[in-house]
There are 2 protein chains.
Amino acid sequence: MLERIPAYTDAMLDETGTLSDRVYRHLADRLIAGRFAPGDKLSLRAVSEALGLSIMPVREAVSRLAAEGALEVAPKKAVTVPLMRAGQFRDITQVRVEIEGFAAALACQAVTPESLAGIEAREREFRELSELPKADLAQAVAANQAFHFAVYRAAGSAELLAIIERLWLRVGPIINLDLRENPERLRLGGAVQAHRACLAAIRENRPAAAREAIAADISGASAFILSRQRLLD
Amino acid sequence: MLERIPAYTDAMLDETGTLSDRVYRHLADRLIAGRFAPGDKLSLRAVSEALGLSIMPVREAVSRLAAEGALEVAPKKAVTVPLMRAGQFRDITQVRVEIEGFAAALACQAVTPESLAGIEAREREFRELSELPKADLAQAVAANQAFHFAVYRAAGSAELLAIIERLWLRVGPIINLDLRENPERLRLGGAVQAHRACLAAIRENRPAAAREAIAADISGASAFILSRQRLLD
DNA sequence: TGCCGCAATCTGTGATCACAGTTAGCTTCC
DNA sequence: GGAAGCTAACTGTGATCACAGATTGCGGCA
């Protein structure tokens, strides 16, 4: 079951699109998956050399990510993964609750047998992962992401999905940093319970309940992270 | 009163930030203000020559806008202002209703005397403009935008504001195209009425009513545009 | 008169170079 | 031994060049 979770495939390997596009996807994937920590620095030249390209495609990819707030680039200084202040994190959480909750509510009406099967599979995968004695954190993060996006994709709104992806681009580094430092949180099962409630609500076409479940999931994780006081302010 | 509406100032003239940033703001302002129509083509070289720069800053600005969906760039083909299908427009409208409605509801709780005064001023300016015998359409679009963003800014969420700005970047060209072809819509007063209701709701701290007013404004304009069948599909 | 095809022009993409401001490490002096 | 200052390496920014694919319009043929 677990090996169904798609392995990390490097966007640089698939040869569709321009080099800029591939670098963009490469970096975006790593950001969402939490492979960068807030404050990490990266240099255009270092990335381009690591990828065996000139600096140009990396520049374009980075400037796109900077436009979305996923990276910060100050003139003549190294590109950094943004630090987030507690107030900012609270703000983004409130927005996520509203928007991702809305997507979950939409999913109730727009769900198809196929997308429902996908959601069920992702829910089961995440649940089984969290029941393992020694959880693989990176895999758990990926499974959690897979569940959420299965729901959001089922909502059938490309616009909403794009907005949510941008939000995850921003919170990816924070979530992962948190999970890496507090692996026991997985044990508590708040996420598993919220996922289960969300799945049930979608099955039974109860939009308000689906919205509530996603909101609880996001708020719960956010409260935990804020309680650890690892954020500035 | 009317001359309070800030004149169109070119972002290229203020000398803060990198050239890329300035080009980005220049193009973004023109897109939101509806100075481009869907399907318009622009060439990196033409823009850079018009602005007296090399192609590089324009490239970066355009690739950022493309990342946000405000422009479309296909390899080896001219950059275009995206055409929008009716289905896509419906989708984006549904998302705007939810998100901008949420911002209006937030504004009820977060509004300050200063921001309320700003909203009132913008409401009055738009109302007076729409009562003129010969309305200046460009000014009406700008005044409408000013009112909406005064409300959204009053919500006090930087995250939400950024998301809404990106949405307007997308719909700017459509709205303007519509208003240019159907100037009589301003006469009908649907927008004026919605603005008035929104302002009243914010004054009286009625979040649900504020959300409703903004939703009615957006839905009304959207329904009108869709009824004109100028969109693909 | 109408249509097909070729060629000149224009498109974005990517590489390379020059530059100025930042950073970090080493040396030197106290 | 520690701190201050200088230098060398590194940062993103911007300009210019080369290239391959797309577009457009002109000319020739039917």
Could you pull out every donor-acceptor pair under 3.5 Å between side chains of residues 58-66 of chain B and any protein atom, sequence neighbours left out?
unit_1	atom_1	unit_2	atom_2	d
B:Ser63	OG	B:Glu60	O	3.2
B:Arg64	NH1	B:Asp21	OD1	3.1
B:Arg64	NH2	B:Asp21	OD1	2.9

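Each of B:Pro57 and B:Lys41 was matched to the nucleotide of DNA chain D holding its nearest heavy atom; the match closer to the 5' end belongs to B:Pro57.
The stretch residues 163-173 of chain A participates, sequence neighbours left out, in these side chain to side chain donor-acceptor pair (under 3.5 Å) pairs: A:Glu100-A:Trp168, A:Arg170-B:Glu159. The stretch residues 44-57 of chain A participates, sequence neighbours left out, in no salt bridge (charged side-chain N to carboxylate O under 4.0 Å, His left out) pair at all.
Between the CE atom of A:Met56 and the P atom of C:dC17 there is a distance of 15 Å, given to the nearest Å. Rounded to an integer number of Å, the gap from CG of A:Leu53 to C1' of C:dT16 is 14 Å.
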I'd like a table of atom pairs between the protein and nucleotides 6-13 of chain C - only N or O on both sides, under 3.5 Å - with the distance next to each one.
unit_1	atom_1	unit_2	atom_2	d
C:dT11	OP1	B:Ser43	OG	3.1
C:dG12	OP1	B:Leu42	O	3.4
C:dG12	OP1	B:Leu44	N	3.2
C:dG12	OP2	B:Leu44	N	3.1
C:dG12	N7	B:Arg45	NH1	2.8
C:dG12	O6	B:Arg45	NH2	2.9
C:dG12	N2	B:Lys76	NZ	3.0

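Here B:Glu68 pairs with nothing under the salt bridge (Lys or Arg N to Asp or Glu O under 4.0 Å) rule; sequence neighbours left out. Listed by chain and residue number, B:His148, B:Phe149 satisfy the ring-ring contact (aromatic ring centres under 6.0 Å, His included) test with B:Tyr152 (two or more places apart in sequence, or in another chain).
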